[in-house]
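Written below as structure tokens is the structure these notes are about.
What's counted below: heavy atoms across the whole structure, side chains too, no hydrogens, waters or symmetry copies. Chain letters run A, B, ... following the sequence lines, proteins first and then strands; every chain starts at 1.
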Amino acid sequence: MNIQDLFKLAGVAIVVVGLALRLRTTLVVVVAALVTGLVAGLPLFSHEGFFQHLPYLTKPGEAGVINALGKAFADNRLITLFIITLPAIGLAERYGLQEQSANLIRKIRAATVGRLQIVYQIFRVLHGLMGIRLNGHPSFVRPLIFPMSAGAAQSSDTDSVEKIKAANAAAENYGNFYGQNLSPAQAGVLLVYGVMQGVGLMVSVGDLVLFTIPIVAASIILAVIQFIRLDRALGKMAEAKR
Amino acid sequence: MTIGSVFSLEAVYVLTGVTLLIFALMTFADGANPRRLGSGLFWMTLGIIFVFGGVAPHWLTGLLVLFLVALDGFGQVRRGSSETDPVEQAEHARRLGNRIFIPVLAIPIVTFSFALIFRWRGMDVNRGALVGLGFGGVAAMLACLKLTGGNARALMNEGRRLNEAMGAVNILPQLLASLGVIFTAAGVGKVIAQGIQQVIPANNLFLLVLANCLGMALFTIIMGNSFAAFPVIATGVLVPLIITPFGVNPAMAAIITLTAGSSGTLMTPMAANFNIVPAALLNMRDQYGVIKFQLPYALTMWSFHVLLLWLLIKIS
């Protein structure tokens, strides 16, 4: 491997360092793209049409990095297609979508803290399946799932409550992360589709969703085990207090 | 105009672009937005790319992308302050009940129907699903208007509220996919693949799968974002070292690799929105309490991904 090749990794380094430093993500990604193209010896613009006679900016016979960026961004418009679903979801929210979802959650008769987390995780998987993107921490977990869990708990000592809170947040994350790929309307599936198309491999969105199913199944089974163990641990903590 | 051009991907992009242009006009007029000019320009530019991306010269689209990112980089993209009234929402919820789910459910139903119709007519099913997603959005808008008796202005304004709440990071996955294309054009993947081949023999499938999933999780832990890790790992490890030489189903390998990264997200404070902010929202004593709870689960899920990917390749 020669030095020229190693320089090609500059873009990877920019993404890693830029995001780790919490710089503006969009800017980091595009700077990484431009730097990668330039160190690989690509000109800024293709040597055709508008920029044909400009020196330095173009090289005869080579595609420009800005042209490549524009083409890739236009080709991948499908990833951001979900914006067209926002007006309907937004108006439905105004007319009580979240309130009605909360009404459904309140009807859950889960006897224990652990079972409530399991039901909530499945509820979030169903959101993924319907293609709804949602950060459930402020909208469901804090106002609803935590008070309901605290109500179902046998004891309210600080150690138990701390564990319950962690479980609430975890149920949200488990359901959200692994459930979201069940719909082709979700960014993850479309990102994979776009990236694979970019390297010349055609994949079917149906297959992407299909192979998500075993992962979702495992994510739920594993969570059931963890939450049942949580119930036991909470029970022991409550007994120890008595 | 033929049926084919109405129900095409390009038509759906134009519809989405028009939606964005309407959002942009509303943002320009939004006195509550501290950066209404910059924010309006951002959504307008994105709308223009959606409408004309198929016909505009690529250098122009490329420059428009740089403009978008510059607006965001200089902090010019902000949200207005349109909050909906919770009391009003509760009233509507009582009146409409579960019927409010009808328009939302229309989206996946229409998406799926289009995919089936495309398959039945012998056309590309993927395209069907994407076109269906676009028309599903439109069908949901109509259903929502009919159900609520709300007006079109409120419809677009609520869409704009959601869109602005997510903000400029909306375009991040699209940018990341573009980064993947540039990585491929520049041969970045080859360099990473060569580096890994110096350590791992090219015929050792298990170690390659392990390196693939480990790389995905580590990059995600450092960056806090599995979507950002995916193009790097896909072009550098997954495609050149696993999919191509072993003839693996790319959809299966790619989606499992992506969620191997999600296991990393569960372990990292860099994914603050998911792991640190909730601890604060819930007034937890330990700001890492959520991560500590998730750690054994995440490690088990990650191991499951390694085994599943290896097994599925072995048996196929």
*Measuring heavy-atom distances to chain B, does E162(A) have an atom under 4.5 Å in its side chain, in its backbone, in both, or in neither?*
both
*asked:* Please tell me whether N181(A) and Q186(A) have a donor and an acceptor in their side chains that are separated by less than 3.5 angstrom.
replied: no
_Pair Y178(A), S263(B): side-chain N/O donor-acceptor within cut-off below 3.5 Å_ = yes
*asked:* What part of Q180(A) gets within 4.5 angstrom of chain B, counting heavy atoms only: side chain, backbone, both, or neither?
replied: side chain
*What part of L27(A) lies closer than 4.5 angstrom to a heavy atom of chain B: side chain, backbone, both or neither?*
both
*Determine which pairs satisfy salt bridge (charged side-chain N to carboxylate O under 4.0 Å, His left out) with at least one residue from residues 175-188 of chain A, sequence neighbours left out, and list them in order.*
none
*Greatest number of heavy atom pairs closer than 4.5 Å to chain A - which of M252(B), K190(B), R95(B), E91(B)*: M252(B)
_Given heavy-atom pairs under 4.5 angstrom as the criterion, report whether the side chain, backbone, both or neither of T19(B) touches chain A._
side chain
*At a heavy-atom separation under 4.5 Å, does V65(A) approach chain B through its side chain, its backbone, both, or neither?*
both
*Pick from I79(A), V15(A), I84(A) with the largest number of heavy-atom pairs that fall under 4.5 Å of chain B*: I84(A)
*Heavy-atom distance under 4.5 Å to chain B: side chain of L23(A), backbone, both or neither?*
neither
*Under 4.5 Å heavy-atom distance to chain B, tell me which part of V29(A) shows up: side chain, backbone, both or neither.*
both
*So which of R24(A), E99(A), M130(A) has the biggest tally of heavy-atom pairs under 4.5 Å with chain B?*
R24(A)
*Separation of L281(B) CG from K165(A) NZ (nearest 0.5 Å)*: 11.0 Å
*Residue part contacting chain A, namely of L308(B), when any heavy atom lies under 4.5 Å*: side chain
*Once the angle between the rings of F293(B) and F227(A) is folded into 0 to 90°, is it parallel (under 30°), tilted (30 to 60°) or perpendicular (over 60°)?*
parallel
*Highest number of heavy-atom pairs under 4.5 Å with chain B: which of T26(A), V16(A), T85(A)?*
T26(A)
*Please state whether the side chain, the backbone, both or neither of A167(A) comes within less than 4.5 Å of a heavy atom of chain B.*
both
*Measuring heavy-atom distances to chain A, does S262(B) have an atom under 4.5 Å in its side chain, in its backbone, in both, or in neither?*
both
_Between T25(A) and chain B, with a heavy-atom cut-off of 4.5 Å, which part of the residue counts as in contact: side chain, backbone, both or neither?_
both
*Would you tell me whether N170(B) and N163(B) have side-chain atoms, one donor and one acceptor, within less than 3.5 Å of each other?*
yes
*Please flag which part of F146(A) lies under 4.5 Å from any non-hydrogen atom of chain B: side chain, backbone, both or neither.*
side chain
*Answer with side chain, backbone, both or neither: which region of A234(B) has an atom nearer than 4.5 Å to a non-hydrogen atom of chain A?*
side chain
*So, D159(A) and R285(B), do they make that salt bridge, N to O below 4.0 Å?*
yes
_Heavy-atom proximity to chain B below 4.5 Å, by part of A10(A)_ = neither
_Step-by-step ring pair (Phe, Tyr, Trp, His ring centres under 6.0 Å) determination, F219(B) to F230(B)_ = CA-CA 9 Å; F219(B) 268 53; F230(B) 184 75; over 10 Å; no
*What part of L68(B) lies closer than 4.5 angstrom to a heavy atom of chain A: side chain, backbone, both or neither?*
side chain
*asked:* Out of G18(A), A32(A), A20(A), return the one with the most heavy atom pairs under 4.5 angstrom to chain B.
replied: A20(A)
_Gap separating the CG atom of L230(A) from the CD1 atom of I225(A), nearest 0.5 angstrom_ = 13.5 Å
_To the nearest 0.5 Å, what is the distance between CD on E158(B) and OH on Y95(A)?_
8.5 Å
*Could you tell me which of G11(A), A68(A), A170(A), G64(A) has the largest number of non-hydrogen atom pairs under 4.5 Å with chain B?*
A170(A)
*Please determine, among I171(B), D72(B), V18(B), T61(B), the option with the most heavy-atom pairs under 4.5 Å with chain A.*
D72(B)
_Side-chain donor-acceptor pair present, Y174(A), Q117(A), cut-off under 3.5 Å_ = no
*Side-chain donor-acceptor pair present, H137(A), N173(A), cut-off under 3.5 Å*: yes
Could you pull out every donor-acceptor pair under 3.5 Å between side chains of residues 189-218 of chain A and any protein atom, sequence neighbours left out?
{"unit_1": "S204(A)", "atom_1": "OG", "unit_2": "G206(A)", "atom_2": "N", "d": "3.2"}
{"unit_1": "S204(A)", "atom_1": "OG", "unit_2": "D207(A)", "atom_2": "N", "d": "2.9"}
{"unit_1": "T212(A)", "atom_1": "OG1", "unit_2": "L208(A)", "atom_2": "O", "d": "2.8"}

_Shorter than 4.5 Å, heavy atoms on both sides: which option in G188(A), P87(A), A223(A), A33(A) has the most such pairs with chain B?_
P87(A)
